[in-house]
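These notes concern the structure reproduced below.
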Number of protein chains: 2
Amino acid sequence: MARWQPDARGRLERAAFELFVEQGFAATTVPQIAERAGLSTRTFFRHFADKRDALFAEEHAVPEQAARIIAEAPASLGPLQIVVDGFDAVAAAQFSREKSYYIARHRIIESDDGLRERQLRMPAALVEALRTGFEKRGSDPIDALLAAHLTATVFSVSIGRWLGSPSDEPLAALLRDTFDRMRRTASS
Amino acid sequence: MARWQPDARGRLERAAFELFVEQGFAATTVPQIAERAGLSTRTFFRHFADKRDALFAEEHAVPEQAARIIAEAPASLGPLQIVVDGFDAVAAAQFSREKSYYIARHRIIESDDGLRERQLRMPAALVEALRTGFEKRGSDPIDALLAAHLTATVFSVSIGRWLGSPSDEPLAALLRDTFDRMRRTASS
DNA sequence: ATTCTGATGTCACGCAATGTCATCACTCAA
DNA sequence: TTGAGTGATGACATTGCGTGACATCAGAAT
C-alpha cells in the first residue's frame, strides 16, 4: 500500500476549485485548500507557485501544443495558414471538459484582480511559443512576432465569444469565423 | 509651511525606482522604499496597491489618451484609420523621458516574473479602452474588439522594437512601420 | 472659533511564501 | 537480506506583504 494517497497535485487542484466556488477566491486560504486535500500547506507550495496557480494548472498545454503543431506543419505553409489548420486540434484537446466547468472557472477569474492578471500569462506564453515556432521556420523576426500576436488574438477573442455565447456553437467554428473577421478588420 | 513634504507619491515612485536599480526588485522591501521617501510603510500602500505598482504609476495614461483620441476623431474614420493618425500623439506624450529611463525600467521588469506579469495589464487595459471607444462609435462589438487587439499589438510590438533597437529610430516611425507590416502579415 | 476634511502615522494582525531539516516508503544493488 | 539512495511529504520557523482600525494634525470652510 502506498504511503501517500495518489495524485496529490490533482487533489489540491480540485480542493482549490471547490473552495473558490464555495467561498470565493479571496476568502479561501492555502491552509484550507491543503486541509481539504489532506496535505500540508508546505506541500501546496511545492506543487504551485502561488494560490492562483491552482486554477491555471493546465494552461501550459496550449502553448506546448501550438509549438508542436507549428514544428510538424509542412514547410510550404505560411504562419497563418498553419494556425488556421491547427485550430480544430487545439479546440478539441484543450477544451475537452464540460463547458460548464470553463464557465464556472471563468466566473472565479473575473471575480478577482489578481486572477485576471494571472490569466494574461497564457496568451503571452502562446505568443512566445508561436513566435519561436515561426522564427524556426525562417520567418523574419518581426513578422513572426506579428503573426504570433494575430494568432493569439484570434484565440483569445474566440474563447471569449465561446464563453459568452448562450448557444453552444463549437469553439472550432468560432475560431474560423474570428480569424476571417480579424483579416477583414486588418485590411479595412 | 506645509505639514508634510509635497509629492509623497512621486517621492515613493523615485525611491522605489532607485532601490530597484541599486538592489534589484526582489531584494527591495516596502519599508526600505518608505524610509527613503521619508514616509511610513502604511502610506506606501495608500498610494500603491502593491510593491510592483510603484513601477507602473504612469501606465494609466496610455489607455486614457487612447480613449480621448478615439472620442475626438472625425466620425468618418474607421477604427484603424483613427489609431494610425493617433500614434504620433501617443508616442510623444507617453514616452517623453530620456530613452535610458525606459531601458532601465525595462531591465528591472524583465528581471522579475511578477513584474513581467504586471506589465501585461497595460496592453489589456489598452484593448479595453480601444474596444469601448470603437463600440461607442457604432462598430460591431466583435469588430471593435478585434480592431482594439490589432492596435494594441502594433503598440506593444513597436515599443519592443524601440527598446531593443540600438539606433534611435523615433517611436512614431516604428509604429507606422509595424502597422504596415501587421497589415501585410494579416493578409498573407 | 469651530467643524470638517484629507493625508499621514502607529499599531496589530492574518496570511503568503520560502528555507531548513526530519521522516518515511519505496527502489535497487551488493 | 540488508543497507544506501531517492523522492515526496511533514513540521517548524521566519520574513515580508497587505489591510483594518484608530489617532493625529494642518489647512480649508463656514
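Convention: sequence-line order gives letters A, B, ...; per-chain numbering from 1. In what follows, every heavy atom counts, from backbone to side chain, and hydrogens, waters and symmetry copies are set aside. What you are looking at is a predicted structure, and each value in this text was computed from that prediction instead of being measured.
Under the side-chain hydrogen bond (donor to acceptor under 3.5 Å, both in side chains) criterion, A:Thr28 pairs with A:Gln23, not counting sequence neighbours. Shown here are the side-chain hydrogen bond (donor to acceptor under 3.5 Å, both in side chains) partners of B:Glu22, two or more places apart in sequence or in another chain: B:Arg36. Listed by chain and residue number, nothing satisfies the side-chain hydrogen bond (donor to acceptor under 3.5 Å, both in side chains) test with B:Ser111 (two or more places apart in sequence, or in another chain). Evaluation of the ring-ring contact (aromatic ring centres under 6.0 Å, His included) rule for A:Phe87 yields no partner, not counting sequence neighbours.
Between A:Phe48 atom CZ and C:dT18 atom C1' there is a gap of 17 Å when expressed in whole angstrom units. We find that CG of A:Asp113 is positioned 17 Å from C1' of D:dC17, with the value rounded to whole Å. Here the P atom of nucleotide D:dA11 and the CD atom of A:Glu35 are 12 Å apart, to the nearest Å. Nucleotide C:dG6 holds its P atom 14 Å from the NE2 atom of B:His47, rounded to whole Å. The distance from atom CZ of A:Phe44 to atom C1' of D:dA11 is 19 Å, rounded to the nearest whole Å.
Between the side chains of A:Ser187 and B:Ser187, not a single donor N or O lies within less than 3.5 Å of an accepting N or O.
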statement: Scoring nucleotides 10-16 of chain C by protein non-hydrogen atoms under 4.0 Å (B base, S sugar-phosphate only, - none) yields B----SS

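Counting non-hydrogen atoms under 4.0 angstrom, A:Gly38 reaches the backbone sugars and phosphates but no base.
Pairs engaging residues 161-188 of chain B under the ring pair (Phe, Tyr, Trp, His ring centres under 6.0 Å) rule: B:Phe95-B:Trp162, B:Tyr102-B:Trp162 [sequence neighbours left out].
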